[in-house]
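Structure first, then comments.
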Amino acid sequence: MSAESERTTETIPEWKKEEVAELTEFLRSYDSVGVVNVAGIPSRQLQDMRRDLHGSAELRMSRNTLLSRALDEVDDGLEQLTEFLSGQVGLVGTNDNPFGLYKELEASKTPAPINAGEVAPNDIVVPEGDTGIDPGPFVGELQQIGADARIQEGSIQVLSDSVVTDERDVVSDDVANVLGELGIEPKEVGLDLRSVYSEGVLFDPEDLAIDVDEYRADIQSAAASARNLSINADYPTAATVPDMLRKASGEAKSVGLEAAIESPDLMDDLVSTADAQVRALAANIDDEDALPEELRGVEAPAESAESAEETEEEPEADETEDEAESEEPEDEGDEDGGAEGLGNMFGD
């Protein structure tokens, strides 16, 4: 160590050493550490913000040189935050993830009046409506800064939304006075996050400003699509096997009903189908004397969409069969073959 560095070390006040020691302890006690801008925040509001963060995050302020020394001393990647130590800043530590920290800091911001000489953070608008101020010189002050103001119905009213200062323009004394009179607070004050270091990654505010609801909806949509793909591709997973079994069970049941398989699991549905078919047939017979007493006066059951489609297709099938029968040659060999085929079908 050189003599110059020894003299520098010896001249460091004890309170600075203690301050750096406390800052390094602060940095090591949190999973995520960020740099926040505190410029322009009134003391009272800053204390309120500290109080609101209690329990989820901690704000620590000190001289930038001491903050830088503490970041360098801890190292472990936190030294990357030193480039953001300019102006009036502080350190914020939390065990929450950086996205939660950013959301909390944004939610803690509050409206505040703007002073003459400050740069407008956005277009400053005097809104349409009744100002509640009695007629007097104030209407001229409004008109002078560009507001569409008139005296109507015994008070000063603004007839339309009026932009009195454009974004990034300097606020004049006249505009600041009028805004103060109207109680308009056109800017937000709060802890502006400059950067956060967490788990080896340095996050910019732009990386953290996400719409949580939209992000959640995208993930839910992707999960649903993946689930459907897995089921339709017959790819079993722990999440899709129950649905695949239900699907297979439904398909097996449909096949069983279509083939009229006499299974205990299908008997109720088969009986219901047969009952509906008998009722439909009975409803189409005009001679009630030809029907058993229990079927007289029954109404045809309502047709399902599937039944209606099958009914519409039947005439075409009948026509095809008639055409096929008319085209078949009438010879005994064919008849024998047909009988033999029926015998094979029924086991004769």
Side-chain angles (χ1 to χ4, degrees), residues 18-112 114 118-119 121-122 167 185-223:
E18 294 176 357
E19 177 72 3
V20 171
E22 292 178 5
L23 288 171
T24 54
E25 183 180 353
F26 166 82
L27 294 172
R28 291 192 175 106
S29 62
Y30 291 106
D31 296 334
S32 302
V33 177
V35 177
V36 291
N37 180 26
V38 299
I41 303 177
S43 176
R44 179 184 60 80
Q45 287 179 295
L46 184 60
Q47 295 304 318
D48 291 341
M49 292 174 188
R50 279 180 184 254
R51 188 164 47 251
D52 293 339
L53 290 174
H54 182 70
S56 60
E58 181 182 357
L59 176 65
R60 185 64 190 264
M61 300 177 63
S62 185
R63 294 185 179 182
N64 289 356
T65 53
L66 300 182
L67 295 177
S68 178
R69 184 183 293 271
L71 289 169
D72 287 336
E73 186 168 321
V74 173
D75 196 6
D76 196 27
L78 284 172
E79 72 280 358
Q80 298 178 61
L81 292 174
T82 56
E83 64 177 294
F84 302 98
L85 298 178
S86 62
Q88 299 179 31
V89 296
L91 296 178
V92 60
T94 181
N95 289 323
D96 194 2
N97 63 72
F99 296 93
L101 175 63
Y102 177 85
K103 184 177 180 181
E104 184 175 9
L105 293 181
E106 288 297 303
S108 69
K109 292 183 178 180
T110 58
I114 196 166
E118 290 188 60
V119 175
N122 43 53
E167 182 180 358
E185 299 177 328
K187 71 175 184 179
E188 281 188 333
V189 295
L191 302 173
D192 286 323
L193 193 62
R194 290 187 174 180
S195 186
V196 181
Y197 184 82
S198 178
E199 297 183 359
V201 180
L202 190 68
F203 293 91
D204 292 330
E206 294 78 13
D207 302 326
L208 305 174
I210 63 173
D211 187 327
V212 176
D213 293 334
E214 181 180 354
Y215 192 74
R216 182 184 294 110
D218 289 343
I219 292 178
Q220 290 173 340
S221 176

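Both backbone and side-chain heavy atoms feed into the values below; hydrogens, waters and symmetry mates do not.
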Non-neighbouring partners of [X] that pass salt bridge (charged side-chain N to carboxylate O under 4.0 Å, His left out), sequence neighbours left out:
X: D213; result: R216
X: E118; result: K187
X: R69; result: none
X: E104; result: none

Does a sphere of radius 6.0 Å around NZ in K109 hold more than 12 heavy atoms from other residues, nucleotides or ligands, not counting ones at 6.0 Å or beyond? yes

Check: [Y] and [X] side chains under 4.5 Å, non-hydrogen atoms:
X: Y197; Y: V201; result: no
X: E167; Y: P121; result: no
X: S68; Y: D72; result: yes
X: L53; Y: L105; result: yes
X: L202; Y: F84; result: yes
X: L91; Y: L59; result: no

Holding to ring-ring contact (aromatic ring centres under 6.0 Å, His included), I want the full list of residues that pass it with Y102, two or more places apart in sequence or in another chain. none

Heavy-atom closest pair, residues [X] and [Y]:
X: V74; Y: L78; value: CG1-CD1, 3.6 Å
X: A70; Y: L23; value: CB-CB, 3.5 Å
X: Q45; Y: P111; value: NE2-O, 4.1 Å

Less than 4.0 Å between a side-chain N and a carboxylate O, is that true for [Y] and [X]?
X: D204; Y: R194; answer: no
X: R28; Y: E25; answer: no
X: E22; Y: R60; answer: yes

Qualifying residue for side chain to side chain contact (heavy atoms under 4.5 Å, CB included) with L193, from V92, V35, N37: V92

Listed partners of S195 passing side chain to side chain donor-acceptor pair (under 3.5 Å), at least two apart: none

Whether the T94 and E58 side chains hold a donor-acceptor pair (N or O, under 3.5 Å, no angle test) is what I'd like checked. no

Polar contact flag, side-chain donor to acceptor under 3.5 angstrom, E188-T110: no

Under the criterion side-chain contact (heavy atoms from CB on, under 4.5 Å), I'd like the reasoning laid out for D192 against V36: C-alpha separation, chi angles, the key distance, then a yes or no. CA-CA 5 Å; D192 286 323; V36 291; over 6 Å; no

Measuring from atom CD of E79 to atom CG of L27, what distance do you get when rounded to the nearest 0.5 angstrom? 11.5 Å

How far does CD of E106 sit from CG of L191, to the nearest 0.5 angstrom? 10.0 Å

When you measure from the side chain of D31 to the backbone of E199, do you find a donor-acceptor pair of N or O atoms at a distance under 3.5 Å? no

Are any side-chain N or O atoms of T24 and backbone N or O atoms of V20, one a donor and one an acceptor, separated by less than 3.5 Å? yes

